[in-house]
S.K.: 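The structure that follows is given in the form of structure tokens.
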Amino acid sequence: MGSTDVSLQYGQTTETAQGKQANEFRSQELTMQKKDVSEVPILSVSEVIDKLRERLGGCCKQPYPAMYSSIYGGITTDPTMMVIPIDDHMVHRGHGVFDTAMIIDGYLYELDPHLDRFLRSASEAKIIPPFDRLSLRSIILQTVAASQCRKGSLRYWLSAGPGDFLLSPAGCPSSAFYAIVIEDDYSPSSQGVSVITSSTPMKSPEMATIKSVNYLSNALSQMEAAEKGAFAAIWIDDQGYIAEGPNVNVAFISKSNELLLPSFDKILSGCTAKRLLALAPTLVEQGLLKDIRVGNLTLDEGKGAAEMMLVGSGLPILPVTEWDGKPIGNGKEGPLTLALSKLLWEDMIAGPDSLRVPIRYGKAN
């Protein structure tokens with residue numbers, strides 16, 4: 001198969017499909033509610049705050065118990081104030097990077113590996129942080145402590161900063177750092193899901209290996225999966241090798257009981273996937289896994305595997321039982337996938353102190 005054929009099969013949306021999508025969106029536009037905007041009000045500061053509070057509502061518990069912003073140099077627990085400037089280059093140019101960490105029973109799991117990747121992404125994006133690594137880490141811990149959240153996730157961003165609406169960040173006085181806590185009853189799932197092959201073009205290796213905020217292709221890929229009744233869409237690179245999902249890594253169990261992961265050369269280096277690779281030798285020692293291999297995997301190898309799984313911080317492992325309408329293995333959740341999920345979850349709730357950073361609620365970190 002030539003390179004043109006590969007790109008059409010794996011990475012390109014056909015003109016017909018694009019036209020169909022355009023027609024669908026035009027139909028949605030016709031059903032949009034019309035609003036009288038003949039006299040748009042000019043609001044005072046207090047009126048803006050009231051409108052924001054009205055939008056958030058006061059009857060339900062807010063999922064974002066705390067946010068830090070270097071713009072105002074502190075932490076807020078009021079969701080109304082959890083905003084960023086519109087002239088921030090992360091907003092209008094996508095010039096920013098981010099990362100995450102899970103909050104499990106009052107501990108941050110793999111904070112330091114994620115923070116290391118965050119700073120590598122910042123370097124690649126040519127963004128100089130406003131604080132050193134130790135200060136960023138302290139801010140993160142204090143933000144989680146202020147939230148009083150025991151279970152959920154932390155997300156944090158570094159942007160080129162606010163300043164103007166130009167392309168270059170030269171007019172930005174300083175970069176900006178933001179962190180927010182998301183409260184959630186986080187727990188693993190053993191229920192198998194289906195995936196499809198994404199027709200949305202994936203990012204170039206140079207961009208895919210940076211955890212930037214530019215997630216348009218990721219969002220379109222995820223929307224494509226949802227439209228087809230699948231949990232996620234899997235990218236295939238321009239050489240026909242399996243890459244990754246829109247926000248997850250993928251892994252397989254071969255018919256000879258090998259754990260297989262795609263090479264990280266052209267995709268994001270997943271912290272959870274790397275932790276899985278560190279823990280998996282336990283199953284080799286127990287005789288359950290024969291071997292562990294990271295390398296190029298073809299679409300046929302993936303679809304012909306005995307088991308398949310999605311790997312990511314928020315999962316941490318999710319069995320895949322169907323790909324493009326065809327069963328993976330026997331179409332059921334694989335026993336080795338479930339064994340790896342159990343191994344990783346135990347690491348998250350009772351692993352080494354080096355990976356589980358305690359939150360000192362009510363105290364300075």
S.K.: Is it true that Asp300 and Thr298 share a donor-acceptor pair across their side chains at a distance under 3.5 Å?
M.R.: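 Absent: no donor and acceptor within the cut-off.
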S.K.: Mind checking side-chain contact (heavy atoms from CB on, under 4.5 Å) for Ser190 and listing every partner two or more places apart, or none if nothing turns up?
M.R.: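 Ser190: side-chain contact (heavy atoms from CB on, under 4.5 Å) contacts with Leu338.
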S.K.: Looking at every non-hydrogen atom in both residues, tell me the closest pair between Ile236 and Gly240 and how far apart they are.
M.R.: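 In terms of heavy atoms, the two residues are closest at CG2-C, 3.4 Å.
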S.K.: Please check if atom CZ in Arg93 has more than 12 non-hydrogen atoms from other residues, nucleotides or ligands closer than 6.0 Å.
M.R.: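 Above 12, so yes.
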S.K.: Side-chain donor-acceptor pair under 3.5 Å between Asp265 and Ser263, yes or no?
M.R.: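 Side-chain D/A pair, Asp265 to Ser263: present.
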S.K.: If you look only at distance, which donor and acceptor atoms sit under 3.5 Å apart when one is on a side chain in residues 157-169 and the other is two or more places apart or in another chain?
M.R.:
{"unit_1": "Ser159", "atom_1": "OG", "unit_2": "Asp88", "atom_2": "OD1", "d": "2.8"}
{"unit_1": "Ser159", "atom_1": "OG", "unit_2": "Asp88", "atom_2": "OD2", "d": "3.0"}
{"unit_1": "Ser159", "atom_1": "OG", "unit_2": "Gly161", "atom_2": "N", "d": "2.9"}
{"unit_1": "Asp164", "atom_1": "OD1", "unit_2": "His89", "atom_2": "NE2", "d": "2.8"}
{"unit_1": "Asp164", "atom_1": "OD1", "unit_2": "Leu166", "atom_2": "N", "d": "3.2"}
{"unit_1": "Ser168", "atom_1": "OG", "unit_2": "Ala170", "atom_2": "N", "d": "3.1"}

S.K.: Assess whether atom CD of Gln191 is packed by more than 12 heavy atoms of other residues, nucleotides or ligands within 6.0 Å.
M.R.: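 Counting neighbours around CD of Gln191, 12 or fewer heavy atoms of other residues, nucleotides or ligands fall under 6.0 Å, so no.
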S.K.: Could you give all pairs that pass the salt bridge (Lys or Arg N to Asp or Glu O under 4.0 Å) test and reach residues 209-219, with sequence neighbours left out?
M.R.: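 For residues 209-219, and leaving out neighbouring residues, there are no salt bridge (Lys or Arg N to Asp or Glu O under 4.0 Å) pairs at all.
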S.K.: Could you list the residues that satisfy side chain to side chain donor-acceptor pair (under 3.5 Å) with Ser354, not counting sequence neighbours?
M.R.: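 Ser354 satisfies side chain to side chain donor-acceptor pair (under 3.5 Å) with no other residue.
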S.K.: With a 4.5 Å limit on heavy-atom distance, are the side chains of Met348 and Pro316 in contact?
M.R.: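 Sidechains of Pro316 and Met348: in contact.
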S.K.: Decide if atom OH of Tyr64 counts as having more than 12 heavy atoms of other residues, nucleotides or ligands within a radius under 6.0 Å.
M.R.: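 No, because the 6.0 Å sphere around OH of Tyr64 holds 12 heavy atoms or fewer from other groups.
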S.K.: Just wondering, do Val83 and Met67 contact through their side chains at under 4.5 Å, heavy atoms?
M.R.: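 Heavy-atom side-chain distance check fails, nothing below 4.5 Å.
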S.K.: Output yes when Asp99 and Arg120 qualify as a salt bridge under the 4.0 Å nitrogen-oxygen rule, no when they do not.
M.R.: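 Looking at Asp99 and Arg120, the cut-off is not met.
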S.K.: Could you tell me which non-hydrogen atom of Trp323 sits nearest to which non-hydrogen atom of Ile196, and how far apart they are?
M.R.: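 Result for this residue pair: NE1-C, 3.5 Å.
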S.K.: Is the shortest side-chain heavy-atom distance between Phe177 and Pro130 below 4.5 Å?
M.R.: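 Yes. Closest side-chain heavy atoms under 4.5 Å.
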S.K.: What distance do Asp78 atom CG and Arg53 atom CZ have between them, rounded to the nearest 0.5 Å?
M.R.: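 With rounding to 0.5 Å, CG (Asp78) is 4.5 Å from CZ (Arg53).
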S.K.: Is the shortest side-chain heavy-atom distance between Ile103 and Leu108 below 4.5 Å?
M.R.: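 SC-SC contact between Ile103 and Leu108 confirmed.
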S.K.: Can you list, pair by pair, the side-chain donor-acceptor contacts under 3.5 Å of residues 179-187, counting residues two or more places apart and other chains?
M.R.:
{"unit_1": "Glu183", "atom_1": "OE1", "unit_2": "Lys61", "atom_2": "NZ", "d": "3.4"}
{"unit_1": "Tyr186", "atom_1": "OH", "unit_2": "Ser313", "atom_2": "O", "d": "2.5"}

S.K.: Taking all atoms of both residues into account, what is the closest heavy-atom pair of Tyr178 and Ala176, and its distance?
M.R.: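 Of all heavy-atom pairs spanning Tyr178 and Ala176, the closest is OH-CB, 3.6 Å.
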S.K.: Just distance, no hydrogens or angles: give the donor-acceptor pairs under 3.5 Å from side chains in residues 325-336, sequence neighbours left out.
M.R.:
{"unit_1": "Asn330", "atom_1": "OD1", "unit_2": "Lys332", "atom_2": "N", "d": "2.9"}
{"unit_1": "Glu333", "atom_1": "OE2", "unit_2": "Gly192", "atom_2": "N", "d": "2.7"}

S.K.: Would a hydrophobic clustering, with Ile, Leu, Val, Met, Phe, Trp and Tyr connected at side-chain separations under 4.5 Å, put Leu268 with Val250?
M.R.: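 The answer is no; the residues belong to distinct hydrophobic clusters.
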S.K.: So Met308 and Ile234, do their side chains get closer than 4.5 Å, heavy atoms only?
M.R.: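 Touching, per the 4.5 Å side-chain cut-off.
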S.K.: Between Lys342 and Glu346, does at least one N-O distance fall below 4.0 Å, as a salt bridge requires?
M.R.: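 So Lys342 pairs with Glu346 through a salt bridge.
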S.K.: Do Leu52 and Leu43 sit in the same hydrophobic cluster, where Ile, Leu, Val, Met, Phe, Trp and Tyr count as joined when their side-chain heavy atoms come under 4.5 Å apart?
M.R.: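 Yes: a chain of side-chain contacts under 4.5 Å links Leu52 to Leu43.
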S.K.: Transitively linked via ILVMFWY side-chain contacts under 4.5 Å: Met102 with Leu344?
M.R.: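 Met102 clusters together with Leu344.
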S.K.: What heavy-atom pair brings Asp237 and Met202 nearest, and what distance separates the two atoms?
M.R.: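 Closest approach of Asp237 to Met202, heavy atoms only: CA-SD, 3.7 Å.
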S.K.: Considering only heavy atoms from C-beta outward, does the side chain of Asn218 approach that of Trp235 to under 4.5 Å?
M.R.: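 Yes - at least one pair of side-chain heavy atoms lies under 4.5 Å apart.
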S.K.: More than 12 non-hydrogen atoms from neighbouring residues, nucleotides or ligands closer than 6.0 Å to NZ on Lys151, yes or no?
M.R.: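 More than 12 heavy atoms, drawn from other residues, nucleotides or ligands, come within 6.0 Å of this atom.
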S.K.: When you compare the side chain of Lys266 with that of Tyr241, does any pair of heavy atoms fall below 4.5 Å?
M.R.: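 In short, these two side chains do not touch, never coming nearer than 4.5 Å.
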S.K.: So do Ile71 and Ile84 actually touch side chain to side chain, heavy atoms under 4.5 Å?
M.R.: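 They are not in side-chain contact.
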S.K.: Which atoms form the tightest heavy-atom contact between Glu224 and Ser199, and what is the distance?
M.R.: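 Of all heavy-atom pairs spanning Glu224 and Ser199, the closest is OE2-OG, 2.7 Å.
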S.K.: Within a reach of under 6.0 Å around CD1 of Ile128, are more than 12 heavy atoms found that belong to other residues, nucleotides or ligands?
M.R.: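 Incorrect, the count does not exceed 12.
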S.K.: According to a hydrophobic-cluster definition based on side-chain heavy atoms being under 4.5 Å apart (Ile, Leu, Val, Met, Phe, Trp, Tyr only), do Val213 and Leu115 belong together?
M.R.: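 In one cluster: no.
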S.K.: If only side-chain N and O atoms count, and only distance matters, is there a donor-acceptor pair under 3.5 Å linking Asp132 with Ser135?
M.R.: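 There is such a pair (donor and acceptor under 3.5 Å, judged by atom type) between the side chains of Ser135 and Asp132.
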